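None of the values given here were measured: they were computed from a predicted structure. Whatever order the structure lists them in is the order used to number ligands and atoms, beginning at 1.
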Amino acid sequence: MPNPLRILTVIGARPQIIKAAAISRAIAKQPLGRVTETLLHTGQHYDANMSQVFFDELGIPAADINLNTGSGAHGATTARMIQGIEEVLQRGEHDIVLLYGDTNSTLAGAIAAAKLHLPVAHVEAGLRSFNKRMPEELNRILCDHCSTWLFCPTSTALSNLYREGFPERITTTPSADHPRVMLSGDVMYDNSLHFAALARERSGIVRDLGLTPDGFALVTVHRDHNTDDPARALAIVRSLLAIKTDHHLPLVLPLHPRARKMFDQLLPTGILHALMHDPDIHILPPAGFLDMIALESHARLVITDSGGVQKESFFFQKPCVILRPETEWVELVEHGQAILADADPSRIAAAVAHFLGGAPLECPPLFGDGHAAERILNELLDRR
Ligand code: UD1
Ligand code: UDP
């Protein structure tokens, strides 16, 4: 048997820990000695309910290395991450660096690896919002253009890369100069399928909150351009209060720590009080993954600015109001399952009324077959 493929996986933010679970599961099924994975956590997310809970619930092995960089200013934290990842890679113990999504941890991994001439495998490659004011848009473009393997979750992502000049096929061994682009499917879809039954068995959150299936809206807000902009934060919260009142629809908001902090700082006292103390608005700490997919699968409606939550609402065939001006997951909007409402109260109200009025949804299987992780791992094992 050849030497094992030695993967360094870089994670740091909540959604990356969740995504990494799918490939870690696929690695665990490989024969002993075929592949090893070192898990490096940058420490970008550090609260137990933003990090450890996902290791526990999704059966991810403990991180081998934690850089404890924390979150903060982009330059300072990304620099600490690059330095820490570089030091690990300089030991010469890894063949490939595996990266997920579009966070600062992704960017740091890409820069550290590419400068040491180590191949980068990017999972969730090719997504574009075409809005470079989003830190994530910069991170994903830069990471894609350092990568040797680009695993696209959707055909839209594949087309985006072709448009940027990535080759449709290569005849040489993949490298940063001759990258291999492939439609893999979405590891988050793998996870939703894999964990849905466990969530049904283990999560009692809907009942514990006194809610009825299809009798509440699930809301998440964490994008910096919503939470850190007083006018947008206020418009969103006012819209939520109106939805609850106008439609008698209880709301569940597991609040990201960024939103919690910024709402406290930016919202007028009366509005903050109305949000925090309404018996029909359930403000929760960040939820674990099983509770989250239980909430998604039982909600009447999802309202979110999260990329992952948008998609999971599609997987569970729930309508979604997107609190952004654009989305990378354009298929959802094209199929009528999601509406872009930005932070505009009239668009949010119209989208909610449209869906609560029973608009038909179309949720075809656009995100693969639930085996994206195996496909990605096999590609890495076969093509080195
Ligand atoms: C990051 C990602 C974003 C992703 C999101 C997932 C970047 C640029 N952004 O945004 O793409 O959608 O994670 O959730 O990488 N905080 C805590 N405890 C934690 C983590 C964060 O209190 O465990 C608070 C801190 O006040 C911190 C703030 O949240 O300053 C923002 O954290 P940060 O990681 O910088 O960005 P996110 O908004 O979480
Ligand atoms: N998520 C979770 N608990 C929460 C909010 C989100 O487990 O309170 C999960 C969600 O189900 C999805 C992922 O986190 O799998 C999405 O991450 P997030 O919204 O933080 O970031 P994004 O996807 O926008 O980058």
For [X] and ligand 2, does the shortest N/O to N/O distance drop below 3.5 Å?
| X | answer |
| --- | --- |
| Pro15 | no |
| Asp102 | no |
| Val309 | no |
| Arg223 | yes |

If you count the atoms of ligand 2 from 1 in the order shown, which ones are under 4.0 Å from a heavy atom of [X]?
| X | value |
| --- | --- |
| Phe54 | 7 (O) |
| Gly288 | 7 (O) |
| Pro286 | 8 (O) |
| Pro254 | 8 (O) |
| Met188 | 12 (C), 15 (O) |

Discussion item. Test your reading of the model: is there a side-chain donor-acceptor pair from His335 to the backbone of Glu331, 3.5 Å cut-off?
Written reply: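 The answer is yes, because a donor-acceptor pair under 3.5 Å joins these two groups.
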
Discussion item. Could you check whether any side-chain N or O of Gln83 sits under 3.5 Å from a backbone N or O of Ala79, counting only pairs where one atom can act as donor and the other as acceptor?
Written reply: no

Nearest neighbour in protein (non-hydrogen) for [atom]:
| atom | answer |
| --- | --- |
| atom 15 (O) of ligand 2 | Glu312 OE2, 2.6 Å |
| atom 1 (N) of ligand 2 | Met292 CG, 3.7 Å |
| atom 4 (C) of ligand 2 | Arg14 NH1, 3.2 Å |
| atom 19 (O) of ligand 2 | Ser306 OG, 2.6 Å |

Worksheet entry | Nearest neighbour of atom 14 (O) of ligand 2 from the list Asn191, Thr103, Ile18, on a heavy-atom basis | Ile18

Item to complete: Identify which of Gly307, Ala13, Ser313, Ala287 has a heavy atom lying nearest to atom 8 (O) of ligand 2.
Response: Ala287

Discussion item. I need the single residue from Thr148, Asp144, Thr106 that forms a side-chain hydrogen bond (donor to acceptor under 3.5 Å, both in side chains) with His122. Which is it?
Written reply: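 Filter result, single survivor: Asp144.
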
Worksheet item: Taking Ser105 as the fixed residue, which of Thr42, Thr77, Asn139 is the one that meets the side-chain hydrogen bond (donor to acceptor under 3.5 Å, both in side chains) rule?
Response: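 Considering Thr42, Thr77, Asn139, a side-chain hydrogen bond (donor to acceptor under 3.5 Å, both in side chains) with Ser105 is found only for Thr42.
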
Worksheet entry | Worked check of salt bridge (charged side-chain N to carboxylate O under 4.0 Å, His left out) between Arg223 and Asp228 | CA-CA 8 Å; Arg223 295 250 93 86; Asp228 299 15; over 6 Å; no

Worksheet item: Should Arg324 and Asp342 count as an ion pair when the cut-off is N to O under 4.0 Å?
Response: no

Discussion item. Heavy atoms only, cut-off 4.0 Å: how does Glu296 contact ligand 2, side chain, backbone, both, or neither?
Written reply: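 Near ligand 2, Glu296 shows its side chain, while the N, CA, C and O stay back.
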
Worksheet, complete the sentence: Sorted by chain and number, sequence neighbours left out, side chain to side chain donor-acceptor pair (under 3.5 Å) with Glu37 holds for Thr9, Ser24

Discussion item. Tell me every residue that passes side chain to side chain donor-acceptor pair (under 3.5 Å) with His371, counting only those two or more places apart in sequence or in another chain.
Written reply: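 Here the qualifying residues are Glu374.
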
Starting from the N and O atoms of ligand 1, find every protein N or O within less than 3.5 Å and list the pair with its distance.
unit_1	atom_1	unit_2	atom_2	d
ligand 1	11 (O)	Glu136	OE2	2.6
ligand 1	11 (O)	Arg223	NH2	3.4
ligand 1	12 (O)	His222	NE2	2.8
ligand 1	12 (O)	Arg223	NH2	2.8
ligand 1	13 (O)	His45	NE2	3.3
ligand 1	14 (O)	His256	NE2	3.2
ligand 1	15 (O)	Gln44	NE2	2.8
ligand 1	15 (O)	Asn104	N	2.8
ligand 1	16 (N)	Tyr46	OH	3.4
ligand 1	18 (N)	Tyr46	OH	3.4
ligand 1	18 (N)	Asp47	OD2	2.9
ligand 1	23 (O)	Tyr46	N	2.9
ligand 1	23 (O)	Asp47	N	2.9
ligand 1	26 (O)	Lys261	NZ	2.9
ligand 1	34 (O)	Gln44	NE2	3.0
ligand 1	34 (O)	His45	NE2	3.2
ligand 1	38 (O)	Arg258	NE	2.6
ligand 1	38 (O)	Arg258	NH2	3.4
ligand 1	39 (O)	His45	NE2	2.7
ligand 1	39 (O)	His256	NE2	3.1

Worksheet item: In chain order, what residues pass the side-chain contact (heavy atoms from CB on, under 4.5 Å) check against His45, with sequence neighbours excluded?
Response: Ala13, Arg14, Met50, His256

